[in-house]
Amino acid sequence: MTASDSDTKQQATAPSNFIRNMINQDLESGKHGGRVHTRFPPEPNGYLHIGHAKSICLNFSLAQEYQGQCNLRFDDTNPAKESQEFVDSIKDNIRWLGFSWSGEVRYSSSYFDALYDFAVQLINSGKAYVCSLSAEQAREFRGTLTEPGKNSPDRDRTIAENLDLFARMKAGEFPDGAYSLRAKIDMASPNINMRDPVLYRIRHIHHHQTGDKWCIYPTYDYTHCISDAIEGITHSLCTLEFEDHRPLYDWILHNLELSSLRAVSDLADSQYDYVLPEQTEFAKLKLNYTVVGKRTLREMVEEGIVDGWDDPRMPTLAGMRRRGFTPASIRNFCESVGVARAESVVDLGMLEHAIRDDLDKHAPRAMCVLNPLKVTLTTFAEDHLEELTMSNHPKEESLGERTVPLTREIVIDRSDFEEVPPPGFKRLTAGGEVRLRGAYVIRCDEVIKDASGEVTELLCSVDLDTLGKKPEGRKVKGVIHWVSASQGVAAQVRLYDRLFSVEKPEGKDVDYRECLNPDSLQLLENCVVEPAVLKSASSNFQFEREGYFCFDAVDSTAERPVFNRTITLRDSWSGN
RNA sequence: UGGGGUGUCGCCAAGUGGUAAGGCACAAGGUUUUGAUCCUUGCAUGCGUUGGUUCGAAUCCAGCCACCCCAGCCA
């Protein structure tokens with residue numbers, strides 16, 4: 001199948017979901033002039049994780065699928081929590097995932113001037129007022145879930161007065177919290193977001209993009225809808241908790257002059273009809289055995305429960321990347337999970353399947369012995385050195401071949417030998433035969449043990465007539481991997497497993513610290529990997545019969561490579 | 001107890017009045033020089049629940065139940 005065939009097939013089988021259905025309808029009705037323009041709008045206040053990946057894939061893939069555009073916009077309206085470091089890592093993560101945003105990176109902060117003008121417009125039309133209530137007072141006036149709120153005493157300030165006060169807020173005449181700009185909507189609304197929400201607050205604080213130009217900052221609710229409108233976004237996708245904000249999103253946009261919105265928008269000079277963006281909500285991605293809460297992740301880093309934001313056990317994009325997850329596997333996973341409005345918890349197994357599926361197709365095979373047991377092939381002379389040619393992949397010929405040196409002394413994994421094998425054991429036993437992967441069938445003639453009775457070495461004879469052919473007159477079922485003792489390279493291997501041993505480490509009344517899986521990291525210091533691995537162009541491998549591994553980009557050195565286990569192979573042998 | 005949402009197989013998820021897609025997981029076979037991959041087969045007389053409308057309901061209507069979100073000058 002060619003690339004384009006598979007693309008076509010993927011499109012044909014792209015699962016139906018309520019957002020695609022909505023877009024299809026919009027396209028049919030011509031609502032946005034046939035345009036599809038989405039955006040991914042993170043606040044640069046932390047590292048991206050698997051949950052963000054779903055949103056990224058959704059927004060960017062939809063744009064691709066409909067030949068539309070997808071912007072990257074930093075929603076940077078609260079400088080107290082944000083930094084350039086996060087801006088940079090987010091951009092890096094999105095590129096790594098394989099997506100390109102439309103045009104330049106956008107910042108809500110670059111619309112601050114326009115946002116200010118629109119606020120003045122709302123004041124002029126009597127839709128906004130400057131309020132002197134403190135945060136605490138405002139809370140009291142807001143009412144409760146079941147009781148209506150009370151109007152602010154400043155609600156009927158004159159337009160002239162509001163204009164003057166707002167200008168002075170901007171000019172820096174007042175301290176933080178002295179005043180706020182509020183929309184004049186309805187203090188009795190059953191939707192608390194509509195009870196005269198704050199549009200601007202005073203914050204004398206440096207902003208990572210705008211420096212010290214501003215001391216008043218617009219709120220999310222006020223900024224997001226206008227930013228969408230300015231960028232000509234058609235479909236503004238966000239998560240479920242913003243559902244109650246949608247009426248406010250619409251209120252703000254509908255109470256501004258459409259022509260003035262259009263005038264400052266990216267569509268100002270286009271031939272398209274100017275249509276306001278619409279918000280649509282979908283359920284967040286949740287994974288069992290996983291925590292994505294910002295506070296929790298930070299604590300785990302700060303308390304040393306993990307080794308940093310890019311610890312391979314972390315659900316961050318940086319962590320998954322270091323773990324060896326491929327961008328395609330994460331994209332496929334997000335696609336397979338679907339998009340719906342029902343809150344759900346996806347099984348980690350689905351993510352693992354996506355990783356295996358991608359790596360199985362693309363990762364070159366190699367051999368690495370994790371827990372070495374010395375085997376001497378007595379049939380060979382001391383200086384025996386045979387260069388065996390092995391293909392890098394059982395099906396994908398384009399991955400090429402490599403040579404694997406075979407010598408008299410090799411190592412195999414300790415778990416591949418049992419003196420008294422359990423029922424069904426297919427590996428090497430005392431007196432039994434086994435195939436060395438890609439090489440000969442050997443027979444274990446002698447088991448050497450130390451004083452404590454531990455097996456230290458196996459003496460085996462080689463059936464020279466079994467290279468590339470089946471042995472005559474008998475069946476040898478088992479195949480085990482091996483590495484030349486002298487030609488192999490010493491390596492450290494890190495075996496990673498899920499961080500938590502319970503399904504819902506973030507649940508109510510659950511302390512995640514008590515749910516940690518004590519075996520989430522196992523360090524193996526004496527591993528031996530075949531030499532070809534170090535010369536490979538790939539950084540992801542399948543170490544045959546062990547799992548998928550990748551070079552650890554941070555801790556590997558020239559003399560001592562470090563490998564991270566990305567994921568084990570499926571293992572249907574219950575005796576293991 | 002106000003408002004907004006959601007309930008389809010163990011886990012995701014299609015379905016939009018015509019008789020329950022698909023994936024993961026699981027199980028059983030087959031192929032295999034990876035106990036991998038791959039292939040075949042099985043896996044909801046049932047769609048939160050109770051009624052109603054209809055020739056016919058997961059889909060329409062009503063009631064009930066469960067769970068989630070909202071009272072930041074966070075996003």
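The structure displayed is predicted, hence computed values, not measured ones. Each chain gets a letter, A, B and so on, in the order the sequences are listed, and its residues count up from 1.
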Determine, for A:Arg73 against A:Glu231, whether the closest basic-nitrogen to carboxylate-oxygen distance falls under 4.0 angstrom.
yes
Salt bridge check: are A:Asp76 and A:Arg106 linked by an N-O gap of less than 4.0 Å?
no
Toss me the dot-bracket line for RNA chain B: Watson-Crick and G-U wobble, both under 3.5 Å, 5' to 3', using | for pairs to another strand and [ ] for crossers.
.(((((((.[[[..)..(...]]].(((((.......))))).....[[[[[..)....]]]]])))))).....
All side chain to side chain donor-acceptor pair (under 3.5 Å) counterparts of A:Tyr107, not counting sequence neighbours:
none
Could I get a table of every N or O pair under 3.5 Å where one atom is in the protein and the other is in nucleotides 14-16 of chain B?
| residue | atom | partner | partner atom | Å |
| --- | --- | --- | --- | --- |
| B:A14 | OP1 | A:Val339 | O | 3.3 |
| B:A14 | O3' | A:Ser16 | OG | 3.2 |
| B:G15 | OP1 | A:Ser16 | OG | 2.6 |
| B:G15 | OP1 | A:Asn21 | ND2 | 3.2 |

Quick check: on RNA chain B, is the nucleotide nearest A:Tyr179 upstream (toward 5') of the one nearest A:Ile480, or the reverse? Name the residue that is more 5'.
A:Ile480
Consider the side chain of A:Tyr220, meaning its heavy atoms from C-beta on, and name the nucleotide among B:A75, B:C73, B:G23 that approaches it most closely.
B:A75
For B:G72, decide between syn and anti, treating a glycosidic angle within 90° of 0 as syn.
syn
Closest to the side chain of A:His353, out of B:G35, B:A25, B:C74, is B:A25
Check side-chain contact (heavy atoms from CB on, under 4.5 Å) between A:Val337 and all other residues, then give those that pass, not counting sequence neighbours.
A:Leu285, A:Phe333, A:Val346
Which residues pass the side-chain contact (heavy atoms from CB on, under 4.5 Å) test with A:Pro315, sequence neighbours left out?
A:Ile50, A:Thr290, A:Val292, A:Leu297
Base versus backbone protein contacts along nucleotides 65-72 of chain B [heavy-atom cut-off under 4.0 Å; B, S, -]
---SBBBS
For B:U32 and A:Arg437 - does any side-chain N or O of the residue sit under 4.0 Å from the phosphate oxygens OP1/OP2?
no
Ignoring hydrogens and angles, write down the donor-acceptor pairs under 3.5 Å from the side chains of residues 170-179 of chain A, residues two or more places apart or on other chains.
| residue | atom | partner | partner atom | Å |
| --- | --- | --- | --- | --- |
| A:Glu173 | OE1 | A:Arg168 | NE | 2.7 |
| A:Glu173 | OE1 | A:Arg168 | NH2 | 3.4 |
| A:Asp176 | OD1 | A:His204 | N | 2.9 |

Going 5' to 3' through nucleotides 37-43 of chain B, assign each nucleotide B (protein heavy atom under 4.0 Å from a base atom), S (under 4.0 Å only from sugar-phosphate atoms) or - (no protein heavy atom that close).
BS-----
Note, A:Ser180 side chain near A:Leu133 side chain (heavy atom, < 4.5 Å):
no
I'd like to check the side-chain contact (heavy atoms from CB on, under 4.5 Å) partners of A:Cys527; sequence neighbours left out, ordered by chain and number.
A:Cys368, A:Leu370, A:Val493, A:Leu524
NZ/NE/NH1/NH2 to OD/OE distance under 4.0 Å, A:Arg565 and A:Glu546
no
In whole angstrom, give me the gap between the C1' atoms of B:C60 and B:C69.
28 Å
Is the phosphate of B:A75 approached by A:Thr77 (side-chain N or O, under 4.0 Å from OP1 or OP2)?
yes
Here the ring-ring contact (aromatic ring centres under 6.0 Å, His included) pairs for residues 339-369 of chain A, sequence neighbours left out, are none
Flag the pair A:Lys361 and A:Asp357 as a salt bridge only when some basic side-chain nitrogen lies within less than 4.0 angstrom of an acidic carboxylate oxygen.
yes
Sequence-distant partners of A:Cys550, side-chain contact (heavy atoms from CB on, under 4.5 Å), two or more places apart
A:Asn540, A:Asn564, A:Thr566
Given the C1' atoms of B:C26 and B:A44, what is the spacing between them in whole Å?
15 Å
Donor-acceptor pair under 3.5 Å: do we get one between A:Gln542's side chain and the base of B:U34?
yes
Quick check: any donor-acceptor pair below 3.5 Å linking the side-chain of A:Arg545 to the base of B:U34?
no
So, A:Arg341 and A:Glu281, do they make that salt bridge, N to O below 4.0 Å?
yes
Nearest-angstrom distance, C1' atom, B:G63 to B:U53:
15 Å
Is there side-chain contact between A:Pro471 and A:Glu433, with heavy atoms separated by less than 4.5 Å?
no
Heavy-atom contacts under 4.0 Å between residues 38-57 of chain A and RNA chain B, which residues?
A:Glu43
Give a yes/no answer on whether the side chain of A:Ser336 brings an N or O atom under 4.0 Å of OP1 or OP2 in B:C12.
no
Under 3.5 Å, is there a donor-acceptor pair between the side chain of A:Arg356 and the main chain of A:Ala354?
no
With a 3.5 Å cut-off and heavy atoms only, can you find an N or O donor on one side and an acceptor on the other between the side chain of A:Arg365 and the base of B:U34?
yes
Is A:Glu65 paired with A:Arg20 through a side-chain N to carboxylate O contact shorter than 4.0 Å?
yes
